[in-house]
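Positions are given from 1, in the same order as the sequence printed here. Just the heavy atoms: all of them, side chains too, but no hydrogens, waters or symmetry mates, feed the values below.
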Amino acid sequence: MTAGVVKTQGTHLYFANPTSSDPELVKLACPTGISGLGGARDQIDVTCLDNTEDREYLPGLGNPGQVSIPFNFIPSHISHQVLFDLKEGGEVIDFIICLSDGTAQPTINGQGVITPPVLRTSFEFRGFVQDVNIDMATNDKVTGTLTVQRSGKVKPNWQGPTP
């Protein structure tokens with residue numbers, strides 16, 4: 001295996017739960033994937049009418065995408081129950097994905113702001129729960145998909161020295 005490659009096993013997704021009396025950090029139970037941390041930048045057309053070749057563009061604002069998180073549904077787990085409250089509330093909250101290159105957990109302050117762990121690669125972002133979809137099929141387990149609409153940039157926190 002190539003040195004420095006990080007396995008997905010041991011990756012955790014945490015979110016700030018504003019529905020409790022004091023903001024608490026919640027680890028999502030049993031996610032099976034995470035995708036969508038990207039988001040294309042808009043483009044501003046600056047092509048002049050007398051241009052006869054290709055259009056010309058300047059970079060515009062970033063366009064945060066949606067993060068999709070499939071998970072095995074555990075109805076008794078608080079992290080899955082809270083998702084439905086967050087969807088109804090529509091509040092923009094903190095999320096953090098912590099990779100398996102460390103084991104330290106993030107922390108949360110009284111305002112619901114997550115602090116990333118030291119010595120563990122993580123990706124912070126803010127967003128709101130856009131949808132919680134539950135799927136059932138014959139001879140299968142019950143699964144769900146959490147869709148988070150990002151608001152703003154993704155902030156990477158690198159383990160170890162930055163190149």
Side-chain angles (χ1 to χ4, degrees), residues 1-2 4-41 62-160 162:
M1 179 149 86
T2 304
V5 171
V6 179
K7 289 184 177 185
T8 57
Q9 296 92 334
T11 296
H12 300 115
L13 172 70
Y14 298 88
F15 58 88
N17 178 10
T19 64
S20 63
S21 56
D22 285 328
E24 63 182 349
L25 189 65
V26 176
K27 183 174 104 172
L28 183 68
C30 208
T32 59
I34 302 171
S35 64
L37 287 180
R41 183 175 293 280
N63 196 354
Q66 295 176 332
V67 179
S68 181
I69 304 121
F71 59 93
N72 291 327
F73 184 56
I74 305 168
S76 61
H77 200 280
I78 189 69
S79 70
H80 294 178
Q81 295 171 6
V82 168
L83 295 177
F84 291 90
D85 295 335
L86 293 173
K87 179 184 174 191
E88 290 304 313
E91 187 173 345
V92 175
I93 60 172
D94 285 355
F95 290 85
I96 188 167
I97 300 166
C98 297
L99 301 185
S100 66
D101 57 357
T103 57
Q105 293 187 355
T107 57
I108 189 167
N109 68 20
Q111 288 74 45
V113 176
I114 296 175
T115 302
V118 179
L119 299 178
R120 186 175 186 185
T121 304
S122 62
F123 298 92
E124 297 175 79
F125 61 95
R126 291 182 53 76
F128 62 91
V129 174
Q130 187 171 39
D131 195 14
V132 181
N133 190 40
I134 303 299
D135 295 308
M136 294 158 261
T138 303
N139 200 33
D140 200 0
K141 64 191 175 297
V142 178
T143 60
T145 303
L146 167 63
T147 304
V148 176
Q149 175 59 56
R150 280 194 13 247
S151 178
K153 292 183 175 187
V154 173
K155 180 184 177 204
N157 301 293
W158 307 113
Q159 181 198 43
T162 303

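From Gln111, atom CD reaches atom CG of Asp22 across 10.5 Å, with rounding to the nearest 0.5 Å. With values rounded to the nearest 0.5 angstrom, Thr145 atom OG1 is found 6.0 Å from Asn133 atom CG. Once rounded to the nearest 0.5 Å, the distance linking CG of Asn72 with NE2 of His77 reads 12.5 Å. Note that CZ of Phe123 and CD1 of Ile96 are 10.0 Å apart. Values are rounded to the nearest 0.5 Å. If you take CG on Leu86 and CD on Glu91, they are separated by 8.0 Å, rounding to the nearest 0.5 Å. The CD1 atom of Ile69 sits 6.5 Å away from the CD1 atom of Ile97 when rounded to the nearest 0.5 Å.
With Glu24 contributing its side chain and Ala16 its backbone, the two residues share no donor-acceptor pair below 3.5 Å. Checked by atom type and distance alone, the side chain of Thr32 pairs as donor or acceptor with a backbone atom of Pro70 at under 3.5 Å. A donor-acceptor pair under 3.5 Å is formed between the side chain of Ser100 and the backbone N or O of Lys7. Not a single donor-acceptor pair under 3.5 Å links the side chain of Thr147 to the backbone N or O of Gln130.
Results of the side-chain contact (heavy atoms from CB on, under 4.5 Å) test with Leu99 over Thr8, Asn157, Val6 single out Val6 as the only residue that passes.
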Item to check | Check against side chain to side chain contact (heavy atoms under 4.5 Å, CB included), Asp94 and Val113 | outcome: CA-CA 6 Å; Asp94 285 355; Val113 176; 3.8 Å; yes

Next on the checklist: Is there a side chain to side chain contact (heavy atoms under 4.5 Å, CB included) between Arg41 and Asn63? Walk through the geometry before answering.
Outcome noted: CA-CA 5 Å; Arg41 183 175 293 280; Asn63 196 354; over 6 Å; no

Item to check | Test log, rule side chain to side chain contact (heavy atoms under 4.5 Å, CB included), inputs Val82 and Thr19 | outcome: CA-CA 8 Å; Val82 168; Thr19 64; 4.3 Å; yes

Exercise answer: donor-acceptor pairs, residues 148-156 side-chain atoms, under 3.5 Å, sequence neighbours excluded:
unit_1 : atom_1 : unit_2 : atom_2 : d
Gln149 : NE2    : Pro64  : O      : 3.2
Gln149 : NE2    : Gly65  : O      : 3.4
Arg150 : NH1    : Leu37  : O      : 3.0
Arg150 : NH1    : Gly38  : O      : 2.5
Arg150 : NH2    : Gly152 : O      : 3.4

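Contact detail for Val92 and Arg126: the closest heavy-atom pair is O-NH2, 3.4 Å. Between Ala29 and Ile74 the shortest heavy-atom distance is CB-CD1, 4.3 Å.
The aromatic rings of Phe95 and Phe15 are tilted relative to each other, their planes meeting at an angle between 30° and 60°. The aromatic rings of Phe73 and His80 lie parallel to each other, with less than 30° between the two planes, well short of the 60° mark.
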